[in-house]
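In what follows, a structure is listed as structure tokens, so that the remarks can point back to it.
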Amino acid sequence: IQWTPIKEFKEILFSQFGGIAKISINRPQVHNAFTPLTVQEMIEAMNICRDRTDIGVVVLTGEGGRAFCSGGDQSVRGHGGYVGDDAVPRLNVLDLQKQIRSIPKPVVAMVAGWAIGGGHVLHVVCDLTIAAENARFGQTGPNVGSFDGGFGASYLARVVGQKKAREIWFLCDQYDAREALDMGLVNKVVPLEQLEETTVAWCHKILQKSPLSLRMLKSSFNAELDGQAGIQELAGNATLLYYLSDEAKEGRNAYMEKRQPDFSKFPKFP
Ligand code: 2NE
């Protein structure tokens, strides 16, 4: 598969293949652990994916075939967060998690090797996960003095159930790809050499579907779980659809033409 670079970054690769964008953490020497800069770059890439109308689906992955992501880079963990060049401690991966959930396009985690700690949470918040047979999943927070009580706990529990989510966090065990499939944590398991082609095939299927329908579905799935923020997303999509209608345009036109709007011709559906 010939990926074309979209933009150069220091700690991620960002490329596209037709309507598919791929964001790949490029720190294989530490199993793709993230720093504040990695996350900042991923956030920028996600923003580009959101804005670009030719991109319909985003793949999140890690370079090297041995890890998707091993969470926050412990070597830059300081007093109150992960510390970048500006010496400010941050947990900006939480912003990235929200962005993955709210971008109105499907996000697919393509997992080879380790998806651990904050890296595990990243795949959990993606819409779909396709795993290679060498994938290993788990949380480590209680081992290393950390935890993610947001999506990392509550959304994980929605995905695998309360008992299993508590087991994952309280025991910090690691689970292979087959176990992950059995607990509904991933959508499909394939041999490592078929991981990318399978992911791209799934993405191509998605790209053939109605983008507005996918957008509405993603925000509908989120709405039930995300409270006011989830309702806001769904309602924002309703506004988008309404703006496409002649009825809404009559309101705007009347205002611009300094006249009373005439909504009488629009049906009052049962
Ligand atoms: C992933 C795991 C189990 C793999 O083990 P193994 O034996 O296959 O590899 P190894 O030798 O541990 O790792 C290879 C190199 O990568 C570094 C290691 O230190 C090692 O470096 P060298 O010794 O070769 O120099 N490395 C791996 N993960 C790293 C990390 N996260 N930070 C810095 N260096 C890392 C094993 O490597 C492992 O358990 N890794 C740590 C996983 C972890 O605890 N992650 C942080 C969880 S907390 C978090 O992510 C978080 C949160 O809880 C809340 C908010 C935000 C973030």
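Counting from 1, the numbers follow the sequence of the chain as shown. Counting starts at 1 for both ligands and their atoms, in listed order.
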Pairs of donor and acceptor atoms involving the side chains of residues 134-141, under 3.5 Å and at least two apart or interchain, shall be tabulated with distances.
from, atom 1, to, atom 2, distance (Å)
Asn134, OD1, Gly113, N, 3.0
Asn134, ND2, Gly65, O, 3.0
Gln139, OE1, His120, ND1, 2.6
Gln139, NE2, Gly117, O, 3.1

**Request:** Report the C-alpha distance between Val59 and Trp202 in whole Å, list the side-chain angles of each, state the deciding distance to 0.1 Å, and finish with yes or no for side-chain contact (heavy atoms from CB on, under 4.5 Å).
**Result:** CA-CA 11 Å; Val59 172; Trp202 279 48; over 6 Å; no

**Prompt:** Could you walk me through whether Ile100 and Leu60 pass the side-chain contact (heavy atoms from CB on, under 4.5 Å) check?
**Reply:** CA-CA 10 Å; Ile100 291 169; Leu60 217 65; 3.7 Å; yes

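Aromatic ring orientation, Phe68 versus His123: perpendicular (interplanar angle above 60°, classes split at 30° and 60°).
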What short N/O contacts, under 3.5 Å, does ligand 1 make with the protein, listed by atom pair and distance?
from, atom 1, to, atom 2, distance (Å)
ligand 1, 8 (O), His31, NE2, 3.4
ligand 1, 8 (O), Trp114, NE1, 3.3
ligand 1, 9 (O), His31, NE2, 3.0
ligand 1, 28 (N), Ser70, OG, 3.1
ligand 1, 31 (N), Ser70, O, 3.0
ligand 1, 31 (N), Gly72, O, 3.0
ligand 1, 32 (N), Gln74, N, 2.9
ligand 1, 44 (O), Thr140, OG1, 2.7
ligand 1, 45 (N), Ser70, O, 2.9
ligand 1, 50 (O), Gly72, N, 2.8
ligand 1, 50 (O), Gly118, N, 2.8
ligand 1, 53 (O), Ser146, OG, 2.6

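For residues 201-223, every residue pair satisfying the salt bridge (Lys or Arg N to Asp or Glu O under 4.0 Å) rule, not counting sequence neighbours, is listed here: Asp127-Lys218. The salt bridge (Lys or Arg N to Asp or Glu O under 4.0 Å) pairs that include a residue from residues 75-84 number zero, where partners must be two or more places apart or lie in different chains.
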